[in-house]
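Down below is the structure, laid out as structure tokens.
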Amino acid sequence: MFRKSFVAVIAATTLALTACGGQSEAGGEGGSDDTITMGFAQVGAESGWRTANTKSVQEAAEAAGVDLKFSDAQQKQENQIKAIRSYIQQQVDVIAFSPVVESGWDTVLKEAKDADIPVILTDRAVDSTDTSLYRTFLGSDFVEEGKKAGEWLVEDSASTEGPVNIVELQGTTGAAPAIDRKEGFEAAIAADPDLEIVQSQTGDFTRSGGKQVMEAFLKNTPDIDVVYAHNDDMGLGAIEAIEAAGKVPGKDIKIITVDAVKDGMTALAEGKINFIVECNPLLGDQLMDLAAKVVAGEEVPARVVTEETTFTPEQAKEALPSREY
Ligand code: GYE
């Protein structure tokens, strides 16, 4: 896929900017000429990560003096398309969105392009081959996140003999983080033939989804050794299901998740989760910085990758007191 071949550019700094340089002839009603108006089509409110991401975008817009028009698509692509069309109609200066799924965006993105409204992808990517349909993509490298999760498991299982049965709780079907976290994880665990994904299903990135799917796995799959959940929330749901089945999460069944939000980190510090790969939701300042540049007609990198780390239980204990989200 084209986007995976981009050279990663790390945005080292974020600027707290006051609105400047915006060519806002078309600006939102009520905004002065140099105020940037941004239409932001959010995925939903499915997880702790998403809540932190929304807060970051709203706070950064406020700090940058950006007039933010915000919509929540409740994890439905058609709602996001509607929101984008309404932003086009309102002639906002820039549209930013986090596509719920990868496919099916070309038509609406073409409409934005024809209206001369630049689009910034944030958090999740689209699979459009026409990269002129958006100006930049700001977010994590999800394949890398999956790899980090798999590499930890390969190392953790090195001393054990025999098969390791993994069940996977996938994110939203068709979403970039679900596709890529699966791909990265599978690539990493291929290093050890004892490691096998015996069940894999979507829990839609929600706690209730993770719990429900895990309950089914526990009923129909003997000898589960490991849960790999594409986000903390599904891992937390799985913990509830495991405890209800009389097993000890983190011991009888090991758990690996992605995100590192506070609730996930707390479960990690308590030993109920064994390893978390971080995914940073605090994209707001970088997004406002990119938006100001795009609106001012400046060049921006085609891809901006966020920097991330991983956490063991010990590291979670250390990080928790200062964790913002
Ligand atoms: O990991 C998950 C959320 O797109 C990176 O979406 C995001 C993912 C995040 O619902 O918790």
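Indexing begins at 1, ligand by ligand and atom by atom, following the structure's order. The model shown is predicted, which means the values in this text are computed figures rather than measured ones.
- Taking every heavy atom of Phe205 and a limit of under 4.0 angstrom, the matching atoms of ligand 1 come to 2 (C), 10 (O).
- Nearest non-hydrogen protein atom to atom 8 (C) of ligand 1 is Arg124 NH2, 3.7 Å.
- When each atom of ligand 1 is checked for a heavy atom of Ser47 under 4.0 Å away, the hits are 2 (C), 3 (C), 10 (O), 11 (O).
- Between the side chains of Gln42 and Ser71, not a single donor N or O lies within less than 3.5 Å of an accepting N or O.
- Taking every non-hydrogen atom of Cys279 and a distance limit under 4.0 Å, the qualifying atoms of ligand 1 come out as 5 (C).
- Every atom of ligand 1 with a heavy atom of Asn231 under 4.0 Å away is listed here by number and element: 2 (C), 11 (O).
- Residue, atom and distance of the protein heavy atom nearest to atom 5 (C) of ligand 1 are Asp123 OD1, 3.2 Å.
- Taking distance alone, with nitrogen or oxygen atoms compared against 3.5 Å, Trp49 stays at or beyond that limit from ligand 1.
- Within the 4.0 Å heavy-atom shell around ligand 1 one does not find Val258.
- Both Ile239 and Phe311 belong to a single network of hydrophobic side chains, linked directly or stepwise wherever heavy atoms of I, L, V, M, F, W or Y lie under 4.5 Å apart.
- The only member of Arg50, Gln80, Glu46 that meets side chain to side chain contact (heavy atoms under 4.5 Å, CB included) when paired with Gln75 is Glu46.
- Note that CG of Asn280 is 11.0 Å distant from OG1 of Thr309, once rounded to the nearest 0.5 Å.
- Here the straight-line distance linking atom CD of Glu196 with atom CG of Asn165 works out to 6.5 Å at 0.5 Å rounding.
- When only non-hydrogen protein atoms are considered, atom 10 (O) of ligand 1 lies nearest to Glu46 OE2, 2.5 Å.
- Those atoms of ligand 1 with a heavy atom of Arg50 less than 4.0 angstrom away are 3 (C), 4 (O), 6 (O), 7 (C), 8 (C).
- Side chains of Thr206 and Asp233: no donor on one and acceptor on the other come within 3.5 Å.
- Under 4.0 Å from ligand 1, the heavy atoms of Arg181 that appear belong solely to its side chain.
- In summary, the atoms of ligand 1 found under 4.0 Å from a heavy atom of Phe142, numbered by their order in the structure, are 5 (C).
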Identify every side-chain donor-acceptor pair in residues 256-275 under 3.5 Å, counting partners at least two apart or on other chains, and give the distances.
unit_1, atom_1, unit_2, atom_2, d
Thr257, OG1, Asp232, OD1, 2.7
Lys262, NZ, Arg323, O, 3.0
Asp263, OD2, Arg207, NH2, 2.9
Thr266, OG1, Lys262, O, 2.8
Lys272, NZ, Glu243, OE2, 3.1
Asn274, OD1, Ile255, N, 2.8
Asn274, ND2, Gly250, O, 2.9

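- Close contacts between ligand 1 and Pro177 involve ligand atoms 4 (O) [criterion: under 4.0 Å to a heavy atom].
- A donor atom on one side chain and an acceptor atom on the other are not found under 3.5 Å apart for Glu278 and Thr310.
- Donor-acceptor pairing under 3.5 Å is lacking for the side chains of Gln170 and Thr202.
- Among all protein heavy atoms, the one lying closest to atom 1 (O) of ligand 1 is Asp259 OD1, 2.6 Å.
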